[in-house]
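To keep things clear, I will list the structure first and then write my remarks on it.
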There are 2 protein chains.
Amino acid sequence: MKLLVVEDEIALQRSIVSYLTDMDYICEAATSFSEALMKSSVHEYDCILVDITLPGGSGLDLIRELKQQHKESGLIIISAKDSLDDRLHGLNLGADDYLTKPFHLSELNARIKALLRRKYFNGMQTIDVEEITIDPSRSAVTVHGNEINLTKSEYRLLLYFVTNRERVLSKESIAEHIGGDQSDMLDNLDFIYSHIKNLRKKVLDAGGTDYVKAVYGMGYKFSTV
Amino acid sequence: MKLLVVEDEIALQRSIVSYLTDMDYICEAATSFSEALMKSSVHEYDCILVDITLPGGSGLDLIRELKQQHKESGLIIISAKDSLDDRLHGLNLGADDYLTKPFHLSELNARIKALLRRKYFNGMQTIDVEEITIDPSRSAVTVHGNEINLTKSEYRLLLYFVTNRERVLSKESIAEHIGGDQSDMLDNLDFIYSHIKNLRKKVLDAGGTDYVKAVYGMGYKFSTV
DNA sequence: CTAGATTTTGAAAAAATCCTGAAAATCAGC
DNA sequence: GCTGATTTTCAGGATTTTTTCAAAATCTAG
């Protein structure tokens, strides 16, 4: 399996490449958009990792280009940004998964493995967490294969959770990711409770497990471990 | 943690330095443009506070210089002006945060804390001290690999300790770091005893060592030597 | 060694947070 | 404009954490 790592922070790039090489992947690296495009036009990669916070142009454009050039390559976004728009945008442009910095290399490895398995075994572009599957292109969610009906807020909430697994997410940041654009509504975050309650209920009613754990005083964590 | 305070109003400079020293930061001060550049070229500071209304040259130029000189230092602008332009300008030149006069010292402290946290903990995978491992991205703490469950205050306390190893931390500064946001006047610091007791107990129960040493009459020191 | 100050400890009061159910407000489609 | 769905607010009770308090243990100065 051959990978391309597009990352301008040399230290991070090195540690990623080193780790993935140890995992028996064949790795190449690029530090800029142009280099990434050039390399990907010559070689065929099973999976491309892209840091969309790369300087010198929007990373999202690179994703569009890469996806056009190499429809077969899996695409994983690495981002320092914490913005829902960027993620949805990236996923809509055809990325298969994404990872928010900082991340564990083992987590990256797991994502790559999952992506390659999906890519080569069923070709579905979905985010899978245990019995929950999210299809961002359709904004559809299934539990044990049965589709459940989520409201927009619940869907955003779930997406924010599953893309930040095992992390403690503050109610403030959750509110931002549900609310969309309004950033100065710090007065009352109680509506979070309702959305979490409703999401939990729908997942449980569909026979799923409640992975949403409250972390007292800190927020919530979507934990499958 | 080492800070440089660039402020020409002596009274304000004194009160800032005095307060931040109480918070157990190591502080140095500069009263002019040239002094700031000189000091910053000799020492490496974790964070530099700049009053951009400094006489003898535009403070924004100083920011540009400082940022060129020391890309690693965090940079917080202090200004009497309340203009959006100045703020944007400063941030565009590479400042990390911005504070408008007059401000509460506790507010300044909060900004510094947040900046240092971003600077040092984002991108860092874990903080390891002997058998204790802290994963800031997950707010998780393990002792000998076993996760222990800390409350918010205990977690903040531990984080403050491990990032200031071998230094005596006053009860006042510890209280500040636990309290987080509201920080006016803390008449009674006894609650620290409870948090320290609980943190010690949880670490010991997990088979760890108690590195929290009381320094009679001075405060506490997290010492592994 | 003693006296006074400081730290430790346990327990109880106070405060904060989370969960739930239901009502009020808002939004979207017709 | 109406109607149903969605979002937000609100109040209670349950739970957890934080803070207070007082007694016991420990420490330092003199």
Side-chain angles (χ1 to χ4, degrees), chain A residues 84 139 141 147-161 168-205 209-223, chain B residues 139 141 148-161 168-205 209-223:
Chain A
L84 177 66
S139 296
V141 177
E147 190 157 331
I148 61 176
N149 213 332
L150 298 184
T151 70
K152 183 154 56 171
S153 292
E154 289 155 9
Y155 176 74
R156 287 180 176 170
L157 177 60
L158 177 62
L159 201 55
Y160 187 45
F161 270 135
V168 177
L169 307 174
S170 71
K171 281 196 295 184
E172 284 78 7
S173 72
I174 290 174
E176 280 174 25
H177 283 264
I178 290 180
D181 18 31
Q182 309 214 356
S183 54
D184 53 337
M185 43 193 300
L186 299 162
D187 43 325
N188 189 357
L189 299 175
D190 285 354
F191 68 97
I192 297 273
Y193 292 136
S194 294
H195 289 305
I196 284 185
K197 177 182 42 159
N198 295 335
L199 175 60
R200 278 172 165 161
K201 176 165 169 43
K202 288 184 181 177
V203 171
L204 287 174
D205 284 353
T209 310
D210 179 20
Y211 297 113
V212 178
K213 313 275 180 16
V215 183
Y216 195 97
M218 311 233 232
Y220 290 88
K221 180 166 76 164
F222 193 91
S223 174
Chain B
S139 301
V141 177
I148 62 176
N149 216 331
L150 299 184
T151 70
K152 181 162 60 173
S153 294
E154 290 154 9
Y155 178 74
R156 286 179 176 169
L157 176 61
L158 178 61
L159 205 52
Y160 186 43
F161 271 135
V168 178
L169 306 174
S170 69
K171 283 196 296 184
E172 284 76 11
S173 72
I174 290 174
E176 285 277 342
H177 281 261
I178 290 179
D181 335 74
Q182 95 287 20
S183 48
D184 296 88
M185 46 188 58
L186 298 166
D187 43 325
N188 186 357
L189 299 177
D190 286 352
F191 68 96
I192 288 194
Y193 293 136
S194 292
H195 289 307
I196 285 183
K197 173 184 41 160
N198 295 335
L199 175 59
R200 279 172 164 160
K201 176 166 169 42
K202 287 184 181 177
V203 170
L204 288 174
D205 284 353
T209 311
D210 178 20
Y211 297 112
V212 179
K213 313 282 191 339
V215 182
Y216 194 91
M218 304 262 187
Y220 290 88
K221 181 167 74 164
F222 192 91
S223 174

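Below, chain A is the first sequence line, B the second, and so on; all start at residue 1. No hydrogens, no waters, no symmetry mates; every other heavy atom, side chains included, goes into these values.
Atom-to-atom distance recorded for A:E154:CD and A:F161:CZ is 12.0 Å, nearest 0.5 angstrom.
Look at B:K201 and you won't find any side-chain N or O under 4.0 angstrom from OP1 or OP2 of C:dT8. In this model, the phosphate group of C:dT7 is approached by a side-chain N or O of B:K171 to a distance below 4.0 Å at OP1 or OP2. Remark: A:Y220 is in phosphate contact with C:dC19, judged by side-chain N or O atoms under 4.0 Å from OP1 or OP2. OP1 or OP2 of D:dT18 sits under 4.0 Å from a side-chain N or O of B:T151. For the pair B:S153 and D:dT18, the criterion of a side-chain N or O lying under 4.0 Å from OP1 or OP2 is met. Within the structure, a side-chain polar atom (N or O) of B:Y193 is placed less than 4.0 Å from OP1 or OP2 of C:dT7. Between B:Y155 and D:dT17 there is no side-chain N or O to OP1 or OP2 distance below 4.0 Å.
In this structure, the CD1 atom of A:I192 is 14 Å from the P atom of C:dT17, given to the nearest Å. When the P atom of D:dT15 is taken as reference, atom CG of B:N149 falls 17 Å away, rounded to whole Å. Between A:L157 atom CG and D:dT6 atom C1' the separation is 14 Å, expressed in whole Å. D:dT8 atom P lies 5 Å from atom CZ of A:F191, rounded to whole Å. Between B:E154 atom CD and D:dT17 atom P there is a gap of 8 Å when expressed in whole angstrom units. Taking atom OH on B:Y216 and atom P on D:dA25, their separation rounds to 16 Å, with Å as the unit. Separating the CZ atom of A:R200 from the P atom of C:dG21 is a distance of 13 Å, rounded to the nearest angstrom. Rounded to a whole Å, the CG atom of B:D190 is 15 Å from the P atom of C:dA5.
Side chains of B:K202 and B:T151 form a contact here, defined as non-hydrogen atoms less than 4.5 Å apart. In this structure, A:F191 and A:H195 have side chains that are in contact, with non-hydrogen atoms separated by less than 4.5 Å.
Between the side chain of A:S194 and the base of D:dT9, at least one donor-acceptor pair of N or O atoms lies under 3.5 Å.
Here the side chain of B:K152 is nearest to one of D:dT19, C:dT17, C:dT6, namely C:dT17. Of the candidate nucleotides C:dC19, D:dT17, D:dT9, D:dT9 has the atom lying nearest to any side-chain atom of A:N188. Side chain of A:K197, nearest nucleotide from C:dT6, C:dT7, C:dT20: C:dT20.
A:V215 comes within 4.0 angstrom of the backbone, heavy atoms only, and of no base.
Results of the side-chain contact (heavy atoms from CB on, under 4.5 Å) test with A:Y220 over A:I174, A:V215, A:L169, A:L157 single out A:I174 as the only residue that passes.
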Derivation and outcome, side chain to side chain contact (heavy atoms under 4.5 Å, CB included), residues B:K152 and B:R156: CA-CA 6 Å; B:K152 181 162 60 173; B:R156 286 179 176 169; 3.9 Å; yes

